[in-house]
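Worksheet: one structure, shown below.
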Amino acid sequence: MIIALSQSSRLESIWQLLMVSIIFVVVLGMAYYTTKLISKLQRKQSFNDNIEVIETFKITTNKYIQIVRTGNKYLVIAVAKDTITMLSELDKEQLNFKSEAVEQKESFSEIFSKIKELKLKK
């Protein structure tokens, strides 16, 4: 009788672990797809051809200098916690833009495969 109870409690424990694992995977999947959906919605809302932040430089906590393109003008602004101040206007020739080749970002799978190759070499 003791053996029968221990086997049934083991099966019950395994069943509970399996159910918790399935619930965890479902919740994780829902969180992933919800994040993707919110990202797409925010990208659509923030899409604008007339205003773009070109570069941001952090001076101190809550204080930044930004180069912003508004239409065809490039403005240098100082951004603090409660204020934004225009510092100057720049010509496009005064700016150094990164080339397209440098801006290409690697996908997560490419980075992961590189790390995996490095681990295998060791």
Side-chain angles (χ1 to χ4, degrees):
M1 184 167 175
I2 294 174
I3 295 172
L5 286 175
S6 66
Q7 285 180 347
S8 67
S9 67
R10 281 186 191 165
L11 289 175
E12 188 175 314
S13 296
I14 292 172
W15 177 251
Q16 286 178 350
L17 178 65
L18 184 64
M19 290 305 295
V20 168
S21 299
I22 290 171
I23 291 171
F24 175 73
V25 169
V26 168
V27 169
L28 195 63
M30 289 171 50
Y32 174 77
Y33 286 111
T34 302
T35 304
K36 287 287 217 182
L37 177 67
I38 290 171
S39 170
K40 285 180 184 178
L41 291 175
Q42 286 181 343
R43 203 173 298 140
K44 286 179 184 177
Q45 288 177 347
S46 67
F47 181 74
N48 195 338
D49 287 334
N50 296 311
I51 298 174
E52 178 184 10
V53 176
I54 304 296
E55 193 170 335
T56 301
F57 179 77
K58 184 176 184 177
I59 299 172
T60 62
T61 307
N62 296 329
K63 293 184 182 178
Y64 302 90
I65 293 179
Q66 293 184 331
I67 300 174
V68 179
R69 181 185 59 80
T70 56
N72 293 327
K73 294 183 180 183
Y74 292 90
L75 306 173
V76 179
I77 60 173
V79 180
K81 184 177 180 183
D82 295 326
T83 60
I84 298 174
T85 307
M86 185 177 127
L87 300 177
S88 71
E89 186 175 331
L90 297 174
D91 293 327
K92 189 173 185 176
E93 295 80 33
Q94 293 176 307
L95 299 173
N96 296 325
F97 292 100
K98 294 179 183 176
S99 66
E100 296 272 333
V102 174
E103 288 187 18
Q104 286 182 337
K105 296 182 180 176
E106 294 180 292
S107 69
F108 178 76
S109 60
E110 292 171 347
I111 294 170
F112 187 71
S113 63
K114 286 181 182 178
I115 292 171
K116 203 164 118 180
E117 287 175 13
L118 289 173
K119 293 284 185 181
L120 292 175
K121 287 180 182 178
K122 290 181 180 180

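In this chain, numbering begins with 1 at the start of the sequence shown. Both backbone and side-chain heavy atoms feed into the values below; hydrogens, waters and symmetry mates do not.
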Consider only side-chain heavy atoms of I, L, V, M, F, W and Y, link residues closer than 4.5 Å, and tell whether Met19 and Leu11 are in one cluster.
-> no

By side chain to side chain donor-acceptor pair (under 3.5 Å) - contacts of Gln66 (at least two apart) = Thr56

May I ask you to list the residues sharing a hydrophobic cluster with Ile111, side-chain cutoff 4.5 Å, ordered by chain and number?
-> Ile115

Over 12 non-hydrogen atoms of neighbours within 6.0 angstrom of CE in Met30 | no

Sub-3.5 Å donor-acceptor pair from the side chain of Arg10 to the main-chain atoms of Glu12, do we have one?
-> no

Would you give the length of the straight line joining atom OG1 of Thr61 to atom NZ of Lys81, rounded to the nearest 0.5 angstrom?
-> 11.0 Å

Does Val20 share a hydrophobic cluster with Val27, counting links as ILVMFWY side-chain heavy atoms below 4.5 Å and allowing steps through other members?
-> no

Only counting residues at least two apart or in another chain, list the ones meeting salt bridge (Lys or Arg N to Asp or Glu O under 4.0 Å) with Lys63.
-> none

Grab the two heavy atoms, one from Leu95 and one from Tyr74, that are nearest each other, plus how far apart they are.
-> CD1-CD2, 3.4 Å

Between Gln94 and Glu89, the two heavy atoms sitting closest are OE1-O, 4.4 Å

Rounded to the nearest 0.5 Å, what separation is found between the CD atom of Gln42 and the CG atom of Leu37?
-> 10.0 Å

Are Val25 and Leu17 in one and the same hydrophobic cluster, where Ile, Leu, Val, Met, Phe, Trp and Tyr link if side-chain heavy atoms are under 4.5 Å apart?
-> no

Treating Ile, Leu, Val, Met, Phe, Trp and Tyr as nodes and any side-chain heavy-atom pair under 4.5 angstrom as an edge, say whether Ile54 and Phe57 lie in one connected cluster.
-> yes

What's the spacing between Ile65 CD1 and Lys58 NZ if we round to 0.5 Å?
-> 13.5 Å

Sequence neighbours left out, what passes side chain to side chain donor-acceptor pair (under 3.5 Å) with Thr83? Give chain and number order.
-> none

Between atom OG1 of Thr70 and atom CD1 of Ile77, what is the distance when rounded to the nearest 0.5 Å?
-> 9.5 Å

Approximate separation, where rounding is to 0.5 Å, of Ile23 CD1 and Leu28 CG = 13.5 Å

Besides Ile38, the hydrophobic cluster formed by Ile, Leu, Val, Met, Phe, Trp and Tyr side chains linked at under 4.5 Å, directly or via other members, contains none

Would you mind listing the cluster partners of Tyr33? Hydrophobic ones only (ILVMFWY), side-chain contacts under 4.5 Å, chaining allowed.
-> Tyr32

Measure the spacing between CG of Leu18 and CD of Gln16 and express it to the nearest 0.5 Å.
-> 11.0 Å

Just by modelled atom types, is the Ala31 backbone N or O under 3.5 Å from a matching donor or acceptor in the Thr35 side chain?
-> yes

